[in-house]
Structure formats: structure tokens, C-alpha cells
Amino acid sequence: MKDLNFAEDIVKEILQDFDRISEERKSLESGWRLNMNFVQGNQYCEITPVGDIEDYGKQYFWQEREVFNHIAPIVETRLAKLGRVQANVSVRPFSQDEKDINVAKLSTNVLKTISEENKLSELLAQSNIWSEICGSVFFKVVWNADKGRAIGESKNKKLIKEGDIDIILCPPYEIFPDKITNNSIEDCKYIYHAKVYSIDEVKELWNVQVEPQTLQVFSFDNINNGGGLGYSASNSRYATSKKENSCLVIEKFERPSKDYPNGRHIIIAGEKLIIVEDLPYQTEQDGGYGLPFVRKTSLDNVTCFYGNSIVERIIPIQRAYNGIKNKKHEFMNRIAMGVLAVEDGSVDTDNLEEEGLSPGKVLIYRGGCNPPKMLNMGSVPSEFDNEEARLEDTFVNITGVSEFMRSSSLPANVTSGVAISLLQEQDDTRISMSAESIRNAVKRIGQLILRLYKQFAISRRLKRIAGDNGEVQLLYFQGSDLAADDLVFDTDNELNETPANRRNMVLELVKMGMFRDSNGGMSERNRLKLLEMLGFGNWESVQDINECHRVKAQKENITLATKEVSPMEYDNHELHIDEHIKSIINEENQSIVTRMDKHIKEHQMLKIMSNQTNMLMEDNNAGE
């Protein structure tokens, strides 16, 4: 009975707190839904006083209600720009010690491999869509015990796997902070992750049977709310629909506190308590327990946990633009079709309304009455064109997405190369804040990946990792071989540099002789690297033999950490000895030092024997 009351109290407490946060966030959710409707083309809707999104109909049957969507191409242009921000993460060593350098290389390769396995580039592309429309999006980086290689079987014949990282994209609808006025993840004491699951999914994931519910979820459908005189048009609408046999799963991640030193992790499904445990993830520096979330915004909002979107700023401009364009068309309809003035009782008005004044029509009117006549509607006022041009300029001023950026065409009055470069630089500057948020998110994701590996990858594991020269390496490592606190995370900033700009810069460096040696020539290695920098890849299949020896020596350094390795006669002993000495200088483990010292002495013996053999062969050749 005590356990039952304990579970009921926790469920009641969480549901009440969750309802409070949901009510506080209701106006924000309405804004997100309005943004999505406007991007999709449903631009004749508004937020009601109760927070719903409703479409308002035509006031007159002849009213023009076409949509001239400028928001969608603006968002698409920003997404294309942000798509150039690379998801590559590199790790720089804390010092120039050989041990730190090797740890940095291993950590970088592990991050690249985990990013590829979780398709981080695709997740970033999807996250850009959410953040550009709704203002913010979130990543959840957790340890999934059901991923990775199988390492055994349980008693019930279920595979036991070594586990691996899971990167989950969470739309802003699913994330609920303790206070919506918090400015970052670090300010939150706890965060709810709420998502609708089917009853079968809950049964499969947690082996718990819950009562089915009918919940409101978001979906897309079509609505006939556009068109004009004599025709209608449909637009996509972001609305709510009912999902049967489902339940709301709420997952709470709570930071460590005085009452809960290790934090809390709670999961409830419907009104059933599934899990109550300590916070499972050590995501903070020095192994502290923390929240496994990463926040990415389009534009930061200092007064709110969620970011702002460009879309919400240009909705009033889009409404005004639709209005002015449709009014122009209504005016032109009046001019083209005419407005007929008819004396009361002079003609059959019902027939005239149905058929109009078709060519060749015989119009009969009562004798003694004035014949019908067309009113002079004049021409379309120039104010319509002026206002339309002003609104188009306002789109550019608010969003920073110019015609040069949207249509990839130069303005008619711009011919100078310097002016073109300045235009491109201005376009990039307006979007740099969103790009910086992407890079910060990737850095934070990289930190969480390495810290979770240090926590959970206790035993050594095998990973297929792409090396620096393009070859695929199989490396054994464990979490303790990685470092997440003493390293600096970097990402490639490609927003301000196009591939053409980089190629021109490399060619300029070649002309300056930066790739030539002291003799004025270019080494084979520099030539291959130059082709790679120019974007042509590695054209040569044969690698520099010395580089191959260095890679082999570095692999031996890793293997010597666990077991002895015997050198080969064909090794370049001088290069191998240099690589091994660089590694042994800062090594503190005495057993590893002993193995490496023995290995170096074996190289030295083989080097002496090789030199003696060469001298003997030279003497024999001289005697002959």
C-alpha cells in the first residue's frame, strides 16, 4: 500500500506540474502553429482569444483571397544557407604532449564515427526546419543499451549488446522546462520530455499495459479558403487530429539537489508510474549528473526559453502583401468585367445577373426607360504599385534575405565585383547568428557523446574508424581513452566561404610558393594534399611510403598499450623509433613504458643489423 501511495503521489505531482507548464506555454504553441500554417500557405487564419487557430471566410462572394507566399521562399533560402554549416567536429589537444595529441585524434575520430552512425547531418537539416519556423529545436543525447555489437545472450535467449549513443531530434512541442523564462538548458532545474505513444509501443518498450486514450495530435490537411471571383483554391493547413489507442508518456529529468544528490529520472505513461531512478547520465564537467539535452535556436530570446523565428516577424507583412495584391486584382476585375448601372424595372435583372453582357447579346429594356450603361471605373491607382514595392522592401529589411540571396541573380544596377562581395557579405552577416547556434549545438552534442562514452563504455570496444589518409581502421578503445573536459571543440565554418573562394585562396598560396620546399620543388605529399584541398580528392592510389610507416607506427603505439608487438624487418626503423619515442616520453603507465622500451630496442637492433648488411653488400660490390 505504501508503494502504491508513493507511485500515485509522484504521478499526481508530475501531472499537475506538467499542466501548469503547458498552460504557461499555450500562447507560444499557438504562435508556432500559426507560423507553420503561413509557411504551408494557409495565410487566412488567426489566433482566437482562447488560443485556437481558425480560418476566417470570405466577406463577399467576389472577394479575391489568393495567397502570394513570400514566407516559404525566404525560409527555403535561409535553410539553403544554413545547410552549408558543416556538422564536422574536431578536437584539439589541451597541450602539445604526444599523449594529449593522440587522445585528441582518437576523440575526433570517435565523434566523426558516432555522428555518421546517427546521421547527424540529416538530423541537423531537419532541426533547421523546426528552428527556422518555430524558433527553437532540441537534441536528446542518451545511451541506448540496445545498440552496438552483440556481446552475449541472457537466460531468456535475448541478445545482450554493448550499447551506444542515440541522438534524438525533439521538436519544441515535446520539451517543457520548469520555467519558460529560463534562458538556457543550464538554467533549468528539470525538463519534461512529453511524447504521444501508441499503447503497443508502451507495451513493447516498458512491458506495461496502460489504459488507451484519445489524444489530440498535429497533422496536415487541405482547406478550401482561397480563390476569387468564380473559382476556389485549396491550401495546406497545420491542424489537430485525434489519435486513438494512445497515451502521453512524460519523461522527467531532474538535476541533483539537496533532496536528490544524484538527480531523478521519472517516466509515467498515462497515469501509471513506469520508472523512478537516479539521473542516469553524467553529462556535466568532472562527471557530474546533468540533463542530456542540447538547445538550438534561430534567434535567441532573452526573456524566454524558446527562441524567436523570422516567420513570426513577417506574418503582418505577408498579410498586408496578400491584401494589396488581391485588392489590385479586384480592381482589375471591375475594369475588365465592368459594373453595369440599370434603372429599376427597366430590364430582367435576374437574366442579366446570370448571363452578364455576353458578346452579341440582345438586351431588351422597357420603353421610356434609360438603357443600362457601364460605369467608368478608371484605372488601377499607382498607390497600389508603390505599396507593393514598399512591402517587398520590408521583407528584405526584416529578414535579411535579399533578392540577390533568394534568386541568385544580381541587381540590375550592380556591376562592380566589390559591390557584389559586399552584398554577399551582408546577406551572410544577417544569418550568422543562426549559424552560430548550429555550431554551438554541434559542440555541445560532441561533449555529451564523449562524456557518455567515458561513463558507459567501460570495457574495450571495436569501432570502424576512417583514418586521416582515407583508409579504414579498426580500433579498440574504451571510455577512459577519451577526454571531454580538457579539450576544445571546433566546427568548420563554411558559411562565409564558398568552395570557389577557398580554391582561389589555395591557388594564391601556391603562387606565393607556400607549398614549396627549400629547394623550390613540391613534395609528393604536398602535391596530393593540394589536390585534396582544391576539391579533387586523392587522385593517386599510391600513398607516400613514409606516411604509411608513420601510420603503422601509430597503430603499434595503440597496440603496445595492451600487449607486446614485434617489429618487422621491412619497417623504416628510423621513423618508427621517432614515433615510439614521442609516445613514450609522456607515458606514465610503467608496464606500457616497459613494453615500448623493449619494442624500441628491437627496432634499434634491426636497424644496426640492416646497416651492417648494407655495408657488407657495398664491400662485396666494391671487391667485384
Side-chain angles (χ1 to χ4, degrees), residues 7-37 45-54 130-131 133-140 168-185 187-199 201-202 210-219 238-255 264-276 291-293 295-297 301 303-309 312:
E8 290 178 350
D9 291 341
I10 289 182
V11 170
K12 182 179 179 181
E13 175 189 349
I14 288 182
L15 290 179
Q16 288 179 349
D17 190 44
F18 181 78
D19 290 340
R20 172 188 64 82
I21 301 173
S22 300
E23 189 63 29
E24 291 179 358
R25 206 187 71 172
K26 192 173 181 180
S27 60
L28 291 175
E29 290 185 8
S30 300
W32 300 338
R33 291 169 56 194
L34 188 68
N35 292 351
M36 299 193 74
N37 276 289
C45 57
E46 59 185 357
I47 302 176
T48 65
V50 296
D52 294 331
I53 305 294
E54 288 187 359
W130 280 107
S131 60
I133 296 177
C134 298
S136 53
V137 70
F138 300 87
F139 295 92
K140 184 180 178 184
I168 303 169
L169 180 65
C170 303
Y173 293 100
E174 298 180 0
I175 303 301
F176 296 79
D178 58 334
K179 297 178 181 178
I180 63 172
T181 55
N182 292 336
N183 290 328
S184 64
I185 298 287
D187 294 337
C188 299
K189 295 181 179 179
Y190 57 86
I191 287 179
Y192 292 114
H193 180 202
K195 190 175 181 179
V196 176
Y197 286 80
S198 68
I199 301 301
E201 287 177 324
V202 173
V210 298
E211 292 295 327
Q213 297 175 317
T214 301
L215 299 176
Q216 296 283 346
V217 295
F218 297 115
S219 63
Y238 191 67
T240 58
S241 61
K242 294 182 179 180
K243 185 176 181 179
E244 306 287 344
N245 295 322
S246 59
C247 71
L248 181 64
V249 176
I250 301 176
E251 193 173 8
K252 182 180 182 181
F253 295 88
E254 184 177 348
R255 289 186 184 275
R264 280 198 305 175
H265 177 225
I266 304 173
I267 300 178
I268 64 172
E271 295 185 356
K272 280 192 176 181
L273 180 64
I274 297 179
I275 292 176
V276 179
L291 308 179
F293 294 101
R295 171 176 170 262
K296 183 169 83 70
T297 61
N301 185 352
T303 62
C304 184
F305 180 74
Y306 303 96
N308 288 332
S309 168
E312 64 192 52

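In this chain, numbering begins with 1 at the start of the sequence shown.
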Peer 1: Shortest non-hydrogen contact from Glu211 to Ile199?
Peer 2: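 Closest heavy-atom pair between Glu211 and Ile199: O-CD1, 4.0 Å.
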Peer 1: So, do Phe138 and Phe305 have ring centers that fall under 6.0 Å from each other?
Peer 2: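 Ring centres of Phe305 and Phe138 closer than 6.0 Å.
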Peer 1: With side chains defined as the heavy atoms from C-beta onward, is the minimum distance between Ile250 and Leu15 less than 4.5 Å?
Peer 2: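 Touching, per the 4.5 Å side-chain cut-off.
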Peer 1: Does Trp130 reach the main-chain N or O of Val137 with its side chain, forming a donor-acceptor pair under 3.5 Å?
Peer 2: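 No.
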Peer 1: To the nearest 0.5 Å, how far apart are CE in Met36 and CD1 in Ile53?
Peer 2: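 Answer rounded to 0.5 Å: 12.0 Å.
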Peer 1: So, do Tyr306 and Cys134 sit near enough that their side-chain heavy atoms are less than 4.5 Å apart?
Peer 2: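 Counting from C-beta outward, Tyr306 and Cys134 never come under 4.5 Å.
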Peer 1: Hey, what's the ring geometry for Phe253 with His265, parallel, tilted or perpendicular (30° and 60° as the breaks)?
Peer 2: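 Because their plane-to-plane angle is under 30°, the rings of Phe253 and His265 count as parallel.
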Peer 1: Measure the CZ-CG distance between Phe139 and Leu169 for me, rounded to the nearest 0.5 Å.
Peer 2: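 So the CZ of Phe139 and the CG of Leu169 are separated by 5.5 Å.
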Peer 1: Do Asp17 and Tyr192 get their side chains close enough for a donor-acceptor pair, meaning under 3.5 Å?
Peer 2: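 Checked: Asp17/Tyr192 side chains pair up, N/O donor to acceptor below 3.5 Å.
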Peer 1: Name the one of Thr297, Asn301, Thr303 that satisfies side chain to side chain donor-acceptor pair (under 3.5 Å) with Asn308?
Peer 2: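 The passing option is Asn301.
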Peer 1: Go through the steps to decide whether Cys45 and Leu34 satisfy the test side-chain contact (heavy atoms from CB on, under 4.5 Å), and finish with yes or no.
Peer 2: CA-CA 8 Å; Cys45 57; Leu34 188 68; 3.7 Å; yes
Peer 1: Any side-chain to backbone donor/acceptor pair from Arg25 onto Tyr173? Under 3.5 Å, distance only.
Peer 2: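 The answer is yes, because a donor-acceptor pair under 3.5 Å joins these two groups.
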Peer 1: Is the shortest side-chain heavy-atom distance between Ile266 and Glu251 below 4.5 Å?
Peer 2: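 They are not in contact (no side-chain heavy atoms under 4.5 Å apart), so the answer is no.
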Peer 1: When rounded to the nearest 0.5 angstrom, what distance separates OG1 in Thr181 from CD in Glu24?
Peer 2: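 One gets 8.0 Å once the value is rounded to the nearest 0.5 Å.
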Peer 1: Considering non-hydrogen atoms only, spot the tightest contact between Arg295 and Ile185 and give its length.
Peer 2: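 Closest heavy-atom pair between Arg295 and Ile185: CB-CG1, 3.8 Å.
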Peer 1: Using a strict threshold of under 4.0 Å (side-chain N to carboxylate O), is an ion pair present between Asp9 and Lys12?
Peer 2: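 Not counted as a salt bridge, because no side-chain N and carboxylate O are separated by less than 4.0 Å.
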Peer 1: Hey, what do you get for CD1 (Ile21) to CD1 (Ile191), rounding to the nearest 0.5 Å?
Peer 2: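 Going from the CD1 atom of Ile21 to the CD1 atom of Ile191 covers 10.0 Å.
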Peer 1: Would a distance-only check, ignoring hydrogens and angles, find a side-chain to backbone donor-acceptor pair under 3.5 Å from Arg264 to Lys252?
Peer 2: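 Not at all, since once roles are kept as given, no pair shorter than 3.5 Å links the two residues.
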Peer 1: Check this for me, if you would: do Glu29 and Arg33 make a salt bridge, where the nitrogen-to-carboxylate-oxygen distance has to be below 4.0 angstrom?
Peer 2: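 No, Glu29 and Arg33 are not salt-bridged.
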Peer 1: Do the side chains of Thr214 and Lys243 get nearer than 4.5 Å, heavy atoms only?
Peer 2: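 In short, these two side chains do not touch, never coming nearer than 4.5 Å.
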Peer 1: Have Glu54 and Thr48 got a donor and an acceptor in their side chains that come within less than 3.5 Å?
Peer 2: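 No, because no side-chain N or O of Glu54 sits under 3.5 Å from a partner of the opposite role on Thr48.
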Peer 1: Considering only heavy atoms from C-beta outward, does the side chain of Cys304 approach that of Leu28 to under 4.5 Å?
Peer 2: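 Counting from C-beta outward, Cys304 and Leu28 do come under 4.5 Å.
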Peer 1: So, does Ser131 use its side chain to make a donor-acceptor pair with the main chain of Gly135 at under 3.5 Å?
Peer 2: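 The answer is no, because no donor-acceptor pair under 3.5 Å joins these two groups.
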Peer 1: What heavy-atom pair brings Ile14 and Ile268 nearest, and what distance separates the two atoms?
Peer 2: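 Residues Ile14 and Ile268, closest heavy atoms: CG2-CD1, 3.8 Å.
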Peer 1: Here's one to test your reading of the geometry: is the NZ or CZ of Lys140 within 45 degrees of the ring axis of Phe293 and under 6.0 Å from its centre?
Peer 2: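 No, a cation-pi geometry is absent between Lys140 and Phe293.
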Peer 1: Between CG of Asn183 and SG of Cys188, what distance do you get to the nearest 0.5 Å?
Peer 2: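 Asn183 CG to Cys188 SG: 9.5 Å, rounded to 0.5 Å.
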Peer 1: Does Leu248 reach the side chain of Leu215, with side-chain heavy atoms less than 4.5 Å apart?
Peer 2: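 Counting from C-beta outward, Leu248 and Leu215 do come under 4.5 Å.
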Peer 1: Kindly compute the distance separating CD (Glu244) from OG (Ser246), expressed to the nearest 0.5 Å.
Peer 2: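 If I round to the nearest 0.5 Å, the distance is 7.5 Å.
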Peer 1: How about His193 and Cys170: do any of their side-chain heavy atoms sit closer than 4.5 Å?
Peer 2: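 Yes. Closest side-chain heavy atoms under 4.5 Å.
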Peer 1: For the CD atom on Glu271, are there more than 12 heavy atoms of other groups (residues, nucleotides or ligands in this structure) within a distance under 6.0 Å?
Peer 2: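 No, because the 6.0 Å sphere around CD of Glu271 holds 12 heavy atoms or fewer from other groups.
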Peer 1: Should Glu201 and Lys195 count as an ion pair when the cut-off is N to O under 4.0 Å?
Peer 2: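 Salt bridge flag = no for Lys195 with Glu201.
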